[in-house]
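Basis for what follows: all heavy atoms, side chains included, without hydrogens, waters or symmetry-related copies.
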Amino acid sequence: MSALANKETPSIVASAKPAAKILSFSGKQGSRIDVRRAALTALHNVVPPAVVLALVLLLWQALCSSADASLPSPHQVWQDSYDLIAYPFFNYGSQDIGLGWRVLVSLQRVAYGFGLAAVAGVIIGAIIGQSVWAMRGLDPIFQVLRTVPPLAWLPLSLAAFQDSNPSAIFVIFITSIWPVIINTAVGVRNIPQDYRNVAEVLRLNQLEFFWKIMLPSAAPYIFTGLRIGVGLSWLAIVAAEMLTGGVGIGFFIWDAWNSSRLSDIIVALAYIGIVGFALDKLVAALGKLVTRGAMAN
């Protein structure tokens with residue numbers, strides 16, 4: 001009996017070795033598949049926009065390459081505005097600065113205005129979502145005010161603040177606060193009743209309910225409103241700076257138009273689009289991180 005056991009033991013050990021090799025090989029293959037998937041995902045996200053951009057540039061070049069064209073071609077834009085494209089952070093004086101510095105000035109104003117709108121919008125939206133009377137009293141007024149164009153607020157803000165910088169910040173604030181309020185109120189109203197029952201059982205006060213129940217539950221809706229609001233903020237600051245002056249990107253476009261520098265305007269528009277896209281993705285990524293990928297219904 002012991003001899004039979006001794007004969008079978010080497011076979012068991014021998015059969016276990018190939019199994020270990022197979023497991024290690026499958027792990028390497030899985031990592032290779034992950035790398036391939038990541039590469040394919042990157043190609044799917046990069047190649048289509050690059051192809052479309054190349055086609056647009058080729059069509060633009062073909063339509064605007066003639067001498068009587070009203071708009072400059074991409075090649076002409078590159079020649080006329082090479083310094084703005086290649087050196088965005090040069091500084092030769094108060095107004096002779098690169099577009100990178102101008103964008104940073106505009107972003108600073110957006111940070112102030114949008115930050116205030118985010119805080120005030122979440123608080124007001126939470127009050128409206130919690131109180132039926134507040135919703136009935138304030139919602140119609142907010143629905144009317146949110147349809148007012150951003151530049152319509154500029155004369156009143158200039159009269160109130162007597163300065164262009166706080167006036168521009170106020171325009172950003174009043175433009176971006178409405179989607180934050182509305183989405184926050186919708187998110188608070190959609191809190192499941194089970195969560196409210198748990199809060200009553202635990203006897204949470206209003207502040208604890210706000211931090212532990214309301215904000216986590218309404219976070220997907222809040223970040224949807226913030227994402228819309230940051231886009232409106234960037235639109236508002238560019239429009240406001242065209243009229244208030246300063247060194248922002250908006251005033252640069254207006255000054256370039258008065259000087260007939262169409263190539264500089266096109267480059268500035270590209271800067272505005274890229275920065276706006278980056279702001280949207282930044283808020284979206286932050287919302288995905290905070291809400292752990294949850295989406296608003």
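Here the closest heavy-atom approach between residue A126 and residue M214 is recorded as CB-SD, 3.5 Å. Counting all heavy atoms, side chain and backbone alike, A117 lies closest to F173 at N-CD1, 3.4 Å. Listed here is the closest heavy atom pair of P155 and A152: CD-O, 3.5 Å. Listed here is the closest heavy atom pair of A256 and I265: CB-CG1, 3.6 Å. When all heavy atoms of I177 and A120 are compared, the pair lying nearest together is CD1-CB, 4.0 Å. Across all their heavy atoms, Y271 and L84 have their closest contact at OH-O, 2.8 Å.
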Can L145 and W178 be said to form a side-chain contact (heavy atoms from CB on, under 4.5 Å), step by step? CA-CA 8 Å; L145 292 178; W178 310 120; 3.6 Å; yes
Does the side-chain contact (heavy atoms from CB on, under 4.5 Å) test come out yes or no for I127 and M135, once each step is laid out? CA-CA 8 Å; I127 295 173; M135 180 185 66; over 6 Å; no
Which is it for R261 and D80 under the salt bridge (charged side-chain N to carboxylate O under 4.0 Å, His left out) test, yes or no, and what are the steps along the way? CA-CA 9 Å; R261 304 193 310 268; D80 295 342; over 6 Å; no
Evaluation steps, side chain to side chain donor-acceptor pair (under 3.5 Å), between T224 and N183: CA-CA 7 Å; T224 299; N183 281 273; 5.1 Å; no
Begin with the C-alpha distance, continue with both residues' side-chain angles, and end with the deciding distance and a verdict on side-chain contact (heavy atoms from CB on, under 4.5 Å) for W254 and N258. CA-CA 6 Å; W254 187 250; N258 291 329; 3.4 Å; yes
List the steps and the verdict of side-chain contact (heavy atoms from CB on, under 4.5 Å) for V122 and L215. CA-CA 9 Å; V122 170; L215 280 183; 4.0 Å; yes
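Side chains of R109 and F114 form no contact here, defined as non-hydrogen atoms less than 4.5 Å apart. F223 is listed as a side-chain neighbour of L286, based on a closest heavy-atom distance under 4.5 Å. Using a 4.5 Å cut-off on side-chain heavy atoms (C-beta onward), Y221 and N190 make contact.
Under the 3.5 Å distance criterion, the side-chain polar atoms of S65 are matched with a main-chain donor or acceptor of Q61. The backbone N or O of R102 sits less than 3.5 Å from a side-chain atom of S106, completing a donor-acceptor pair. The main-chain N or O of Q193 is found under 3.5 Å from a side-chain atom of N197 such that the two form a donor-acceptor pair. With hydrogens and angles ignored, the 3.5 Å screen pairs a side-chain donor or acceptor of W60 with a backbone N or O of P72. Using modelled atom types, one side-chain atom of E208 and one backbone atom of N205 make a donor-acceptor pair closer than 3.5 Å. Proximity of a side-chain donor or acceptor of S81 to a complementary backbone N or O of W78 within less than 3.5 Å is not detected. Remark: the backbone N or O of V230 is not paired with any side-chain donor or acceptor of W234 at under 3.5 angstrom.
Applying the side chain to side chain contact (heavy atoms under 4.5 Å, CB included) test between L107 and each of L279, I249, I237 identifies L279 as the sole match. Checked against V103 for a side chain to side chain contact (heavy atoms under 4.5 Å, CB included), the options V275, I272, I274 give a single hit: V275.
Hydrophobic clustering of Ile, Leu, Val, Met, Phe, Trp and Tyr side chains at less than 4.5 Å, counting indirect connections, keeps L282 apart from V290. The hydrophobic clustering, which links ILVMFWY residues whose side-chain heavy atoms are closer than 4.5 Å, places V110 and L235 apart. Residues V283 and I172 are members of one and the same hydrophobic cluster, defined by side-chain heavy-atom contacts under 4.5 angstrom among Ile, Leu, Val, Met, Phe, Trp and Tyr. No path of Ile, Leu, Val, Met, Phe, Trp and Tyr side chains, each step under 4.5 Å between heavy atoms, connects V186 with V132, placing them in separate hydrophobic clusters. Residues L99 and L269 fall within the same hydrophobic cluster, defined by Ile, Leu, Val, Met, Phe, Trp and Tyr side chains chained together at heavy-atom separations under 4.5 Å.
Relative orientation of the W153 and F170 rings is perpendicular, given thresholds of 30° and 60° on the angle between their planes.
No more than 12 heavy atoms of other residues, nucleotides or ligands shown are found within 6.0 angstrom of OH on Y195. Around CZ of F277, the count of heavy atoms belonging to other residues, nucleotides or ligands within 6.0 Å does not exceed 12. Counted within 6.0 Å of CZ on F142, heavy atoms from surrounding residues, nucleotides or ligands total more than 12; the atom is thus considered enclosed.
To the nearest 0.5 Å, atoms CD (Q143) and CD1 (I182) are separated by 4.5 Å. Taking NZ of K212 as the start and CG of L204 as the end, the distance is 6.0 Å to the nearest 0.5 Å. The line from CG of L232 to OG1 of T175 is 7.0 Å long, rounded to the nearest 0.5 Å. With values rounded to the nearest 0.5 angstrom, M242 atom CE is found 4.5 Å from I253 atom CD1. Interatomic distance, CD1 of I97 versus CZ of F252, reported as 9.5 Å (0.5 Å rounding). Here CD1 of I174 is found 10.5 Å from CG of L156. Values are rounded to the nearest 0.5 Å.
Aromatic rings from F89 and Y87 are positioned such that their centres are separated by 6.0 Å or more.
Defined by atom type and a distance below 3.5 Å, a donor-acceptor pair is missing between the side-chain atoms of S263 and Q76.
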